[in-house]
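In the text below, chain A, chain B and the rest are named by the order of the sequence lines, each starting its count at 1. Worth knowing before you read on, the calculation uses all heavy atoms, side chains too, and leaves out hydrogens, waters and symmetry mates.
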Amino acid sequence: MQPTRLARLLLFPLALLASRGYAQAPILEISGANFRPLPIAIPAPQALSDDARPAAASFDEALVLDATAAAIFQVLDRKSFLADAREGFTAASITFSRWADVGADALVKVQLAVDGTSLRGEMRLFSVASGKEELRLVHVVPLSEPRKLAHFFADALYRHYTREPGPFQTHLAFIHRVGKNREIWLSAWDGRDAVVIAKDGLNVLPAVAPDGNSVAFTSYRSGKPDLYRERPGAPPVLLVSAGQMATGIAYAPDGKHIAYSLAQGDGTNIWMANPDGTDAHAVTDTSYFINSSPSWAPDGKRLAIVSTRAGSPQLYLLSLDNPKDPRRLTFQGNYNQTPSWSPRGDLIAFTARDERNAFDLFTVNVDTGKVNRLTQDQGNNSEPSFSPNGRLIVFTSTRNGPPQLFVMTADGKNQMALPMERGEFDTADWGP
Amino acid sequence: MPRASVRLSLAAFAFAVISALGCAHETPVVQAPPAPPPPVVAKAEPPPADASSAQKEDAAALARMLTGPIAYFDFDRADLTAEDQQKLMVLAKELKDHPTAHIVIAGNTDEVGTVEYNLHLGQRRAEVARAYLAALGISPQRMDTVSYGEDRPADPGHDAAAHAKNRRDEVSSR
């Protein structure tokens, strides 16, 4: 799908700035019949001194991961490379025919240098066919955070080829299951560089807050499940303590409201409030039924929710102008759950239980109702969450045994496990 | 399925609850050596007030006898079977016999399905038991509910038998 004209107008000067006036690469069509991944060669980065080597290895791992997960590139196997390992860093010193011979359309070269406690990286992107430098970037990060440098460069590559923001400098919040404890972790997009936000007891259903540095979640720390917001090194802030249980906090796209589910008496309803929990009011008002798992539309005017009002859990669209009359969105099966509304607006990803009792991921098109299956025959797959740019989905899969976090494209391609340590992880939320 | 195997008469069930749960909570089985006697206090303490002593006895009795699973459910269901209702009748009688006791009903689900829905399903299961006890004359103020969803399994297994054991309400005294 094409980016909107407005988005292109907005992004064009940015891209121009980033590429210092180099010629623009053709725009890659990310989805649809015209899509063809761009063959790209990413040789190992050159460490300019021995003390840059450990950081270079971490950087390299992260850059290759990002380029692979982006699903717009075909990252070429280094074993096939023909170029001299000591080949230079400028267009004049590169033998482009050797890169053409291995099928590369694009070539990424990186040099890394240590400067005190900093790591300085310079990335150059070359078009193999023209032999010209298309992009040159310099960026500095703390020496202890080489993956951050890789994510910065990966986003620049993504933006260069798609004119869209990349997803690689965003964050995940998710659960680490350890014994009886459910810990809240906040990490880089790939599950790495994680910090523990809440450690002891039961903590569930995290959402990355708009600042990208704190997480809102349900915690039993006071004995009953309430909503809190917390960031590393600061005391937790109680947002909602009402009814029997508050869950599933979701931030509006502009960050100015929260939505959540509140169990009270014999029903669970959707509520809205200010981000600090004030001015709370019910949005749905069915007694007995469960209304849960709100996910905001990018326009901030609608919510996708789960409701049991027709007997089984199904997805509904609820307009905040007319919340008493939600539109049912799913009709197949009797267990449709965990909507995640794409920030691009067109799709809602969800978990469904199929006729064989397997849990898998699907999308439903908001306008046409067309359902597309994303996972099949690979364990149980659940709890999808769209990347902030709407192109990728993070989810939980049991295909390798214990629950792990995976990523794939919005149409289910390029499924891969995140490179996390061993352990049980689930219910990821992908936020800013 | 545990449900088929515990088709007991009311009296037999009550006995089973008392003996089984009594055992389960009188750990350790091997008794530690008796604690040394308390130091002799020169001045006798005044006897505790009647209400507080009755409360303690009620709480102790309930903790001993009525802690544990009280209802089992089918997948994605929150309705009480005839057998669950019998167990709740026994519980209601105990609560009437110990009028100051206060209980917490915890609803649980199996690991199947999604986390948030399971939390609300567990809450529904706990509320169903509370409503049934209320209908039997127990004041709702004496009963709290909480849901742990799928995060407090009785059986850590991943098969259908474990799942069946985990779709439950548990009662504890507070």
Which one of A/Pro225, A/Ser312, A/Gly223, A/Ser261 has the most heavy-atom pairs closer than 4.5 Å to chain B? A/Ser261

Taking atom CZ of A/Arg373 as the centre, does the number of heavy atoms from other residues, nucleotides or ligands within less than 6.0 Å exceed 12? yes

Could you name the residues of residues 329-341 of chain A that have a heavy atom within less than 4.5 Å of a heavy atom in chain B? A/Asn334, A/Tyr335, A/Gln337, A/Thr338

Which bit of B/Tyr148 comes within less than 4.5 Å of chain A, counting heavy atoms only: side chain, backbone, both or neither? both

Could you state the interatomic distance from CG (A/Asp426) to OG1 (B/Thr114), rounded to the nearest 0.5 Å? 11.0 Å

At a 4.5 Å cut-off on heavy atoms, which part of B/Val146 comes close to chain A: side chain, backbone, both, or neither? side chain

Region of A/Thr247 that comes under 4.5 Å of a non-hydrogen atom in chain B: both

Relative to chain B, which of A/Glu383, A/Met245, A/Lys224, A/Arg177 shows the most heavy atom pairs under 4.5 Å? A/Met245

Return the OH to CD1 distance between B/Tyr117 and A/Ile290, rounded to the nearest 0.5 Å. 4.5 Å

With only heavy atoms counted, which part of A/Thr308 is less than 4.5 Å from chain B, the side chain, the backbone, both or neither? side chain

Scan side-chain atoms only and decide if A/Ser292 and B/His120 contain a donor-acceptor pair under the 3.5 Å cut-off. no

Top contributor to chain B interface from A/Ser293, A/Gly265, A/Gly267 [non-hydrogen pairs under 4.5 Å]: A/Ser293

Quick check on the structure: residues of residues 129-141 of chain B within a heavy-atom distance below 4.5 Å of chain A, by number. B/Arg130

The interface call for B/Asp76 against chain A, heavy-atom contacts under 4.5 Å, is side chain

Taken in chain and number order and not counting sequence neighbours, the residues that satisfy side chain to side chain donor-acceptor pair (under 3.5 Å) with A/Trp271 are none

Please output the residues of residues 149-159 of chain B in contact with chain A, using a heavy-atom cutoff of under 4.5 Å, in numerical order. B/Glu150, B/Asp151, B/Arg152

Shortest non-hydrogen separation from B/Thr145 to A/Gln244 and the atoms involved: OG1-CG, 3.5 Å

Engaged part of A/Phe350 at the chain B interface, taking heavy atoms whose separation is under 4.5 Å: neither

Heavy-atom pairs under 4.5 Å with chain A: which of B/Val115, B/Leu121, B/Val112 has the most? B/Val115

Quick one: does any side-chain atom of B/Arg124 pair with a main-chain N or O of A/Tyr288 as donor and acceptor, under 3.5 Å? yes

Below 4.5 Å from any heavy atom of chain A, which atoms of B/Glu127 appear? Answer side chain, backbone, both or neither. side chain

Interface check, chain B: of A/Ser382, A/Ala263, A/Pro313, most non-hydrogen pairs under 4.5 Å belong to A/Pro313

